[in-house]
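Treat the numbers as computed from the prediction; the structure is a model and nothing was measured.
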Amino acid sequence: MLKAEHVTKKYRKTVAVNDVSFTLEPGTVTVLLGPNGAGKSTLFKSIIGFLKYTGEITLDGIVNKTPEARARMGYIPEMPALYPNLTVNEHLEFLARAYKLTDYKDRAAKLLEDFELTDKGKKFGDELSKGMQQKVNLCLGLLPDPEIVIMDEPMIGLDPHAIKRLKEIIEEERASGKTVIVSTHIIDSVDMLWDKVLIMKEGVLCADMTKAEVDATGKTLEELFFDITEGGGE
């Protein structure tokens, strides 16, 4: 279980995340929506412990910044940041060592196969196209088989085959009891995948609803999003 309680992050006088609280259960997929500048990426970076904030974030009661909690999380950032002088295989080995993984090679090979990167293992980071870099980004985030999977705009730059496979992986993660949270601007790309939606606007969490609750409003997820972010609804 991932739990955020009264999380606030300020950059000097700018409040990027304002008193946000929510709970995400195992075996669920949550979609985090919001316009640019809503605070989504800042919230993600707070969850994984990259930023200082006030409030509390815990994983099964364990504070998120502890090594034990961090070992349970996998983070896929919006922008891949690969090392130009490491090959794809070396990136995977580097991350495996960081997480102290001892039996990872079969999983690494499967992820490379999933995203059609098997023949790119010896390519350096700066030799890859943006789409391929994003695929490596996904492999790195998923390699530790984390309990909490945090994906920030994971479908940007992916080809249709990779998007299809990523959706299948998200469903597999949910079925195996993982907690998945996905930020995206492409709302229709996550249709039917999600169990819960969080909608942010100007750092404030304006909606925290299950799929059943959204369906009960008679609105689509896209309609609800625009109603809240443009129409002043809450």
Side-chain angles (χ1 to χ4, degrees), residues 1-3 24-30 44-45 47-50 57-129 131-155 157-159 161-182 193:
M1 177 190 296
L2 174 63
K3 189 172 186 179
L24 307 184
E25 300 289 345
T28 61
V29 174
T30 299
F44 275 175
K45 290 175 183 177
I47 291 172
I48 61 175
F50 280 7
I57 301 173
T58 57
L59 285 71
D60 295 328
I62 304 169
V63 176
N64 67 320
K65 292 186 178 182
T66 63
E68 183 180 355
R70 285 180 170 176
R72 299 185 181 192
M73 290 188 282
Y75 174 53
I76 297 161
E78 179 178 0
M79 299 296 294
L82 303 184
Y83 295 103
N85 296 322
L86 289 184
T87 66
V88 171
N89 288 338
E90 288 169 344
H91 275 90
L92 292 166
E93 182 180 352
F94 179 82
L95 186 131
R97 291 187 179 187
Y99 275 80
K100 298 181 180 179
L101 306 178
T102 57
D103 187 15
Y104 71 93
K105 291 189 177 181
D106 287 347
R107 180 169 175 81
K110 180 64 167 61
L111 287 168
L112 292 177
E113 180 183 352
D114 285 340
F115 292 107
E116 300 180 314
L117 292 171
T118 301
D119 62 341
K120 302 296 188 295
K122 295 183 179 180
K123 291 282 187 179
F124 289 99
D126 61 357
E127 293 181 320
L128 301 174
S129 67
M132 288 182 182
Q133 288 183 13
Q134 179 64 353
K135 291 179 181 181
V136 175
N137 197 30
L138 288 163
C139 292
L140 292 171
L142 294 168
L143 181 62
D145 197 18
E147 295 177 24
I148 309 288
V149 185
I150 302 164
M151 301 183 176
D152 194 355
E153 299 288 350
M155 297 180 189
L158 295 183
D159 56 73
H161 179 275
I163 290 175
K164 178 177 181 292
R165 183 62 190 124
L166 177 57
K167 288 181 177 182
E168 292 170 350
I169 288 172
I170 290 173
E171 291 180 334
E172 290 166 5
E173 294 290 284
R174 173 171 56 190
S176 66
K178 307 296 178 59
T179 302
V180 183
I181 179 167
V182 182
L193 276 177

Please report the C-alpha distance between Ile76 and Asp152 in whole Å, then the side-chain angles of each, then the deciding distance to 0.1 Å, and finally whether the side chain to side chain contact (heavy atoms under 4.5 Å, CB included) criterion is met.
-> CA-CA 6 Å; Ile76 297 161; Asp152 194 355; over 6 Å; no

Do side-chain atoms of Glu127 reach the backbone of Phe124 as a donor and acceptor pair under 3.5 angstrom?
->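 Answer holds: yes.
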
Heavy-atom donor-acceptor pair, Asn137 side chain to Pro77 backbone, under 3.5 Å = yes

Identify the two heavy atoms, one from [X] and one from [Y], that lie closest to each other, and give their separation to 0.1 Å.
| X | Y | answer |
| --- | --- | --- |
| Leu59 | Ala69 | CD2-O, 3.7 Å |
| Pro144 | Tyr99 | CB-CD2, 3.7 Å |
| Lys135 | Ala162 | CE-CB, 3.8 Å |
| Asn64 | Met73 | O-CE, 3.7 Å |
| Pro154 | Leu166 | CB-CD2, 3.8 Å |
| Leu143 | Tyr104 | CD1-O, 4.0 Å |

Residue pairs, two or more places apart or on separate chains, that pass salt bridge (charged side-chain N to carboxylate O under 4.0 Å, His left out) and touch residues 63-81 =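 Qualifying pairs: Asp60-Arg72, Glu68-Arg72, Arg72-Glu147.
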
Sequence neighbours left out, what passes side-chain contact (heavy atoms from CB on, under 4.5 Å) with Lys167? Give chain and number order.
->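 Lys167 satisfies side-chain contact (heavy atoms from CB on, under 4.5 Å) with Met155, Ile163, Leu193 only.
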
side-chain contact (heavy atoms from CB on, under 4.5 Å) against Lys105, all qualifying residues, sequence neighbours excluded |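 Partners of Lys105 under the side-chain contact (heavy atoms from CB on, under 4.5 Å) test: none.
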
Please name all residues satisfying salt bridge (Lys or Arg N to Asp or Glu O under 4.0 Å) with Glu173, sequence neighbours left out, ordered by chain then number.
-> Lys178

How many angstroms lie between atom [atom1] of [X] and atom [atom2] of [Y], to the nearest 0.5 angstrom?
| X | Y | atom1 | atom2 | value |
| --- | --- | --- | --- | --- |
| Met151 | Phe44 | CE | CZ | 10.0 Å |
| Leu2 | Ile57 | CG | CD1 | 7.5 Å |
| Met132 | Phe115 | CE | CZ | 13.5 Å |
| Asp119 | Leu117 | CG | CG | 8.0 Å |
| Leu138 | Asp114 | CG | CG | 10.5 Å |
| Leu24 | Ile150 | CG | CD1 | 9.0 Å |

In sequence, state the C-alpha distance, the side-chain angles, and the governing distance for Leu112 and Val88, and then conclude on side chain to side chain contact (heavy atoms under 4.5 Å, CB included).
-> CA-CA 9 Å; Leu112 292 177; Val88 171; 3.8 Å; yes

Output all residues satisfying side-chain hydrogen bond (donor to acceptor under 3.5 Å, both in side chains) with Arg107, sequence neighbours left out; order by chain, then residue number.
->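 Once residues adjacent in sequence are excluded, Arg107 has no partner under the side-chain hydrogen bond (donor to acceptor under 3.5 Å, both in side chains) criterion.
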
Ignoring hydrogens and angles, write down the donor-acceptor pairs under 3.5 Å from the side chains of residues 91-98, residues two or more places apart or on other chains.
unit_1	atom_1	unit_2	atom_2	d
His91	ND1	Thr87	O	2.8
His91	NE2	Tyr83	N	2.8
Glu93	OE2	Arg97	NE	3.4
Glu93	OE2	Arg97	NH2	2.7

Given side chain to side chain contact (heavy atoms under 4.5 Å, CB included), test Leu128 with Val136 step by step and report yes or no.
-> CA-CA 9 Å; Leu128 301 174; Val136 175; 3.8 Å; yes

Test log, rule side chain to side chain contact (heavy atoms under 4.5 Å, CB included), inputs Arg174 and Ile170 | CA-CA 6 Å; Arg174 173 171 56 190; Ile170 290 173; 5.8 Å; no

Any Lys/Arg nitrogen of Lys110 or Glu113 sitting under 4.0 Å from an Asp/Glu carboxylate oxygen of the other?
->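 Salt bridge flag = no for Glu113 with Lys110.
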
